[in-house]
Undergrad: 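Please see the structure below; I have some questions.
Predicted model only: the values in this text are computed from it and were never measured. Note: hydrogens, waters and symmetry copies are ignored here, and every other heavy atom, side chains too, is used.
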Amino acid sequence: MCGILGTNFKSSFFLDSLKLLNHRGPDNLGLYEYENCQFGHTRLAIIDLESEANQPMVFDDIIIIFNGEIYNYKEIIKEEKLLCITKSDTEVLIRLYQKYGENFLNKINGMFSFSIYDIKKGRYFCARDRFGKKPFYYYLKNDKFIYASEIKSILKLLDSTPNLNQKALSQYLSFLTPIEDNTFYEDIKKLPAGHFLIFDETSFKIKKYYDIDNIKNVKRNEETVLHDIEDILINSVNQRLVSDVEVATLLSGGIDSSLTSALYSKFSKNKINTFCIGYDEHKHYNEIDYAKVVSKHINSNHHELIINRKDYIETIDKMIDYTDEPFGDSAAIPTYLLSEFIHNQGIKVALSGEGSDENFLGYDNYFTMLNYYQSKGSKEPFTFTKEWEYNNRAFEKRHIYQTYGETFSENQKQRVLKEYKIKNHVENYMKCTYPPYKWLTYIDFKIWIAEVLMTKLDRMSMANSLELRAPFLDYHLVEYMLSVGENLKKGNTNKYLLKQVALKYLPNEIVHRRKKGFSSPFIEWLYEEYKEDILHTILEVNKKLNIFNEDFIRFLFNESKEKRFKQHIWNLFIFAKWFKKVY
């Protein structure tokens, strides 16, 4: 896992810009220049620890800088009869490009973003993995092309800080982060998940190479489906153990991380290391007792990190530093602290359970949404509640569910923003004609996973030189679960199918415990620490921007004290802190 940086022009600040990515790859810093093009790479050595696998890598007029892991690279070498000099997955990408041009992306299984520069063609070919696990940002203006793993490295190479992108702010208020190709900085874009770009002196194009919008149902009986799920999961976990360094697991005590840990432990020759996090107060958020049960069951070396309010509050600014823009998922903070804890144990790689809820209908809210889809809704007096919003969408025959992390509805944004016209931010995804039970998975993979969860996992772990791998996000599993029929997938409980598989590996009390989610006392600690300064910070920023309705801000602030609209005020506060820092 690494950091990449490249330009089509020479800058005296290039090295300084590259060093901003040292946390992503402290094992080696590499530079390469060809004519006016500069290529930089910071390496976290995981596969092929030898120096010959360092980057930028150059073979046969091909230059590559690559961030990620290709899990099936050894199989590809055999199947495609590739002649490789190194033992690295990086060279496999070069050889595939030489054989197929840009038409090789669906052959690889992994998490990746990379830039290949074809010297003979004078052309960049850049790509990002199917579900957005690895980031790729770029800037293209006035013939200057800059691309990087993080925004901070692009900003360092610009003459001035770009203006605030108002569209990104609107999307952030809705979904905790900007979506599609937007960032909070005008002219700095992100390559969407499942896309590639080609750039040369005369043209620039972006093209989608992968989607999950047209997967047909396949009729199977339950026994077959359970066997297939188990087989795919075992293979997915084993592929993500490909490493020349130790692999650990995050273990919250929920079914997702517990099953991942149990499968890993079953096929490991050694006791595995498992890690969980807890809180020294507001202990109803803790899951550490469940994690202990699982650890004992699988006989792991278990490690607990207990954090306090001071730890949490001090990490807010670090989170903003590493995301480079406002990011509203408060779970980023415990993820950062746990990643730091694992890194301090000398571990570079860990498995996590992300993607299970979305694949297996794990969220309780999914079933609430399905009930709304079955109703016709009714015209009711307006309230600020989500229940009113969902009922109204049903009444107006609109898509009711817009993603798990939806915070401000369009009606709420009309009240918080002084000038705002209602816009459906999911309209670009409406070409997908899935029925509701499939739409839930589809739209969450497009927004919640690709934009929120993957940003959280990548930035918070790589801030601490740790690579997190998610077996439930293997595209084989995602495609398979989208092909399972509605009744079988829903069963009689959330995660019905996964629970049947998990019973072979985990205690009943873990499999059938009520879902808790990776939650934390974020709003309690925020109000205990900052009190009225929360409101003052938001209003101070608004004096410069003059975009928020201050009466509604005060309403949200007071409501959030009572644990209502708490995510709304968190989003606004994080935005205000970032804005003060940058502008």
Undergrad: Hey, are the side chains of Phe145 and Tyr139 touching, using non-hydrogen atoms and a 4.5 Å cut-off?
TA: no
Undergrad: Report yes if the side chains of Met481 and Thr441 come closer than 4.5 Å at any heavy-atom pair, otherwise no.
TA: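 Counting from C-beta outward, Met481 and Thr441 never come under 4.5 Å.
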Undergrad: Looking only at the aromatic ring of each residue, does the gap between the centers of Phe196 and Phe125 stay below 6.0 angstrom?
TA: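 Under 6.0 Å, so yes.
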Undergrad: For Asp474 and Arg469: C-alpha separation, side-chain torsions, deciding distance, then whether salt bridge (Lys or Arg N to Asp or Glu O under 4.0 Å) applies.
TA: CA-CA 10 Å; Asp474 191 289; Arg469 300 174 174 179; over 6 Å; no
Undergrad: Kindly indicate whether the side chain of Tyr34, heavy atoms from C-beta on, has any atom under 4.5 Å from the side chain of Val58.
TA: no
Undergrad: Is the ring pair Tyr210/Phe131 parallel, tilted or perpendicular, if the boundaries are 30 and 60 degrees?
TA: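 Rings of Tyr210 and Phe131: perpendicular, as their planes differ by over 60°.
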Undergrad: Report the relative orientation of the aromatic rings in Tyr97 and Phe104; use parallel for angles under 30°, tilted for 30 to 60°, perpendicular for over 60°.
TA: perpendicular
Undergrad: A side-chain contact here means heavy atoms from C-beta on lying under 4.5 Å apart; do Tyr429 and Ile179 qualify?
TA: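 Yes, at least one pair of side-chain atoms sits under 4.5 Å.
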Undergrad: Ignoring hydrogens and angles, state whether a donor on the side chain of Asp200 or Ser203 is under 3.5 Å from an acceptor on the partner side chain.
TA: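 Result is yes, a qualifying pair exists.
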Undergrad: Between Arg95 and Phe59, is NZ or CZ placed under 6.0 angstrom from the six-membered ring centre and within 45° of the ring axis?
TA: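 Yes.
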Undergrad: Under 30°, 30 to 60°, or over 60°: which ring-plane class applies to Tyr442 and Tyr434, parallel, tilted or perpendicular?
TA: perpendicular
Undergrad: Do any pairs count as a side-chain hydrogen bond (donor to acceptor under 3.5 Å, both in side chains) and have a residue in residues 318-332, sequence neighbours left out, and if so which ones?
TA: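 Output for this query lists Lys152-Asp324, Asp321-Lys581.
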Undergrad: Check Ile347 against Leu466 and note the closest heavy-atom contact, atom names and distance.
TA: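 Taking Ile347 first and Leu466 second, the nearest heavy atoms are O-CD1, 3.6 Å.
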Undergrad: Return the orientation label for the His303 and Phe275 ring planes: parallel under 30°, perpendicular over 60°, tilted otherwise.
TA: parallel
Undergrad: Using the six-membered ring of Phe9, assess whether NZ or CZ of Lys144 lies under 6.0 Å from its centre and within 45 degrees of the ring axis.
TA: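 Yes; both conditions hold, so Lys144 lies above the ring face of Phe9.
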Undergrad: Does the ring centre of Tyr124 sit less than 6.0 Å away from the ring centre of Tyr138?
TA: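 Between Tyr138 and Tyr124, the centre distance exceeds or equals 6.0 Å.
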Undergrad: Kindly state each residue pair satisfying salt bridge (Lys or Arg N to Asp or Glu O under 4.0 Å) with at least one member in residues 123-133, sequence neighbours excluded.
TA: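 Output for this query lists Glu102-Arg123.
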Undergrad: Looking at Tyr583, Phe327, Tyr172, which one forms a ring-ring contact (aromatic ring centres under 6.0 Å, His included) with Trp578?
TA: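 For Trp578, the ring-ring contact (aromatic ring centres under 6.0 Å, His included) test succeeds with only one of Tyr583, Phe327, Tyr172, which is Tyr583.
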